[in-house]
Amino acid sequence: MWNRQGWSMLWQVAVVVGYVALYTLLRPLSDAHWQLTAGLRLGALLLLPYRYWIALAIGDTVTNAYQSYLDAPRFGVPWAITSSLPLIAFAMPVVWLCRERLALFPSRRLVNFPILLLCALLVSGIWSLVKQAAIVLAKNPGVEITPMILAYLFVGAYVALLTTIPWVVIAKLDYHSGTPWKRLRGFMRGSLMLETAGLLIPMQLILSWLAFHGDWDKPVYCLFMFMPVAWLTLKHGWRAAVLGGTFVVACICVLMNYGTPDPMVLQVQAIIAFAITCLIAMGVRISAMHQREERQRIDVKQAMRLARQSLYVGEMRLRQASETLEHVSGEMQVSQNRLLHRFQTMLPANESRMYSNQVATLREKVQQIASAMHPIAWRRKDLPAALRENIGDALNASGITYSYQIKGLGFGFGMHSSDLHTAIYRLACESVVYVCAHMRCSHLRLTLRGVQIADHRLVVLRVEGALGSPVIGDLLFEEIPSDRLAQKLGATGLELVELKDHASLFNGELHTRIKGDKLRLTFLLRDIPEMEQERLSTLAAPMRLWAH
């Protein structure tokens, strides 16, 4: 127990020392119109657990008391006492309310930006009131105490929070143990960094130079500086708004080097605050839309995957039923042969032959039904055998000449997925039935071509029916009874729209062509590998301004 308490005290001391060190580094870069120390205070409250808040208050008191002690002879003891109060303590109730009651972080990888902006507004207002009170108590403040001072302090703190807190949020959302450098390298190589270096930075430098030497009002140049940031925001979302907004504010505050507050300074600050708020809100909206589109895309992929699985499972059930039916047919034949052999001496020869023929006919019909459910040649050999034998036997029995050909890369089970094989066979059967039902076909050709382009495996299935007699001329688009052919092939008689939907399960396409006395259906199917793990974003409906 003592060891645990000792480590806890060491962590508390480390937080105090770390806060004082960071404050010391940021204090020379912070001034009234860009209060970076305000971002340090609110960022620490957002990142650290509640058990370290007392240590943060102690560290803030140490830094404020030291600065107040140095300036106490100039501004007086009342000002020193007020300035020594930890500003971070005044923000704690607001941050707690936003984190616990208003769902500032709905999950570990999401942030609620409207609440974040509300928190920044409330904290900036509270801190500006405390600083205004300290100025009022000063015996020689050095500036005229007017409402403009309060607005100046508020806008300065708010702009600093808008340009620093989003980086804290990015660090909280993107941090994973062992991956910071990997993510940094990915960002440096990304399109956002390239466009920032090639577009944003040169334009900001040009506009900053014009702001120094131009005859126009400086607020106009400041407004122009946010135009490339808006373009990046439209393309990349809220993170681009944060990156570009921070760079623009740094250019305005550092390069222009404003001094004593005046109406023009307040006007520039107000433009900065308004522009960054609008850009972040717009960027969050765009990011939320991108997340919703990504979720819809993933949902579509999952639905397609489930449909392919359902197709394959249905085919496996048909195969199981076909095997069972074939097994039952064999048992029936054995039983009937035994009965016929037993009663052979009691029946006349003609009746015995008649019963034997009936048994053989019954077995043949059962075999045809089993083959229609799932081709026996497919089970015993492979898919090309089923396309060659099952479809060929059915067409030859109907008086149609059938030719079959495989082209391109080798077509085997080790190369393409099983559900794609199922789709190929069923589409081939449905296409044969469709062609034979819509034209008086005397010759039918089936071509199967396998193509591999880089890592993508494509399959082209072509079914072409042709007229045998040149006297007939054009196609005769009239219904020809094809129920018997459909029964033999286990087809359901799909139309073109349904065939297209069937092909779309594999990101495929269907092309039809009628030329002279030929009708051709061509399917382009893409082999879908095992679906990789997709990152699902936890978005709710209706869409909220949540982003990750």
Kindly indicate whether the side chain of [X], heavy atoms from C-beta on, has any atom under 4.5 Å from the side chain of [Y].
{"X": "Q12", "Y": "V16", "result": "no"}
{"X": "L46", "Y": "K172", "result": "no"}
{"X": "M227", "Y": "M203", "result": "no"}
{"X": "C119", "Y": "L42", "result": "yes"}
{"X": "S431", "Y": "F523", "result": "yes"}
{"X": "R41", "Y": "P86", "result": "no"}
{"X": "W167", "Y": "L243", "result": "yes"}
{"X": "Y66", "Y": "V20", "result": "no"}

Looking at [Y], is its backbone amide N or carbonyl O close enough to the side chain of [X] to form a donor-acceptor pair, meaning the two atoms are under 3.5 Å apart?
{"X": "R449", "Y": "R462", "result": "no"}
{"X": "S504", "Y": "D501", "result": "yes"}
{"X": "S30", "Y": "L26", "result": "no"}
{"X": "T163", "Y": "A160", "result": "yes"}
{"X": "S287", "Y": "W238", "result": "yes"}
{"X": "Q269", "Y": "F154", "result": "no"}
{"X": "E498", "Y": "E495", "result": "yes"}

(message) Please list all pairs meeting side chain to side chain donor-acceptor pair (under 3.5 Å) that have one or both residues in residues 44-56, counting only residues at least two apart or in different chains.
(response)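 Matches after skipping sequence neighbours: Y50-E100.
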(message) side-chain contact (heavy atoms from CB on, under 4.5 Å), that's the test. Do F506 and V459 meet it? Break it down for me.
(response) CA-CA 10 Å; F506 294 86; V459 174; over 6 Å; no
What are the two closest non-hydrogen atoms of [X] and [Y], and how far apart are they?
{"X": "L45", "Y": "A91", "answer": "CD1-CB, 3.9 Å"}
{"X": "A270", "Y": "V155", "answer": "N-CG1, 3.9 Å"}
{"X": "A230", "Y": "M282", "answer": "O-CE, 4.2 Å"}
{"X": "G39", "Y": "T164", "answer": "CA-OG1, 3.2 Å"}
{"X": "L496", "Y": "L510", "answer": "O-CD2, 3.8 Å"}
{"X": "L232", "Y": "A240", "answer": "O-CB, 3.4 Å"}

Interatomic spacing from [atom1] in [X] to [atom2] in [Y] - rounded to 0.5 Å:
{"X": "N507", "Y": "K301", "atom1": "CG", "atom2": "NZ", "answer": "8.5 Å"}
{"X": "M289", "Y": "E294", "atom1": "CE", "atom2": "CD", "answer": "14.0 Å"}
{"X": "L22", "Y": "T37", "atom1": "CG", "atom2": "OG1", "answer": "12.0 Å"}
{"X": "R27", "Y": "Q35", "atom1": "CZ", "atom2": "CD", "answer": "9.5 Å"}
{"X": "E195", "Y": "I201", "atom1": "CD", "atom2": "CD1", "answer": "12.5 Å"}
{"X": "L306", "Y": "D299", "atom1": "CG", "atom2": "CG", "answer": "10.5 Å"}

(request) Could you go through the side-chain contact (heavy atoms from CB on, under 4.5 Å) check for N112 and L102 one step at a time? (result) CA-CA 9 Å; N112 191 344; L102 301 180; over 6 Å; no
(request) Any chance you could lay out the side-chain contact (heavy atoms from CB on, under 4.5 Å) test for I88 and M92, step after step, and finish with the verdict? (result) CA-CA 7 Å; I88 198 171; M92 289 180 180; 4.3 Å; yes
(message) Evaluate Y158 against T277 for side-chain hydrogen bond (donor to acceptor under 3.5 Å, both in side chains), listing each step before the verdict.
(response) CA-CA 10 Å; Y158 182 65; T277 303; 2.9 Å; yes
(message) Test of understanding: with side chain to side chain contact (heavy atoms under 4.5 Å, CB included), list the residues that count as partners of T82, not counting sequence neighbours.
(response)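 Side chain to side chain contact (heavy atoms under 4.5 Å, CB included) check on T82 returns A134, L137.
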(message) Does atom CD1 (I54) have a neighbourhood of more than 12 heavy atoms from anything else shown, all under 6.0 Å?
(response)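 Atom CD1 in I54 is not packed in, count stays at 12 or less.
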(request) Compute whether any side-chain donor of one residue and acceptor of the other, for Y19 and T63, lie under 3.5 angstrom apart. (result)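 There is no such pair between these side chains.
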(request) Apply side-chain contact (heavy atoms from CB on, under 4.5 Å) to the pair T492 and L494, showing each step before the final yes or no. (result) CA-CA 6 Å; T492 56; L494 300 179; 3.4 Å; yes
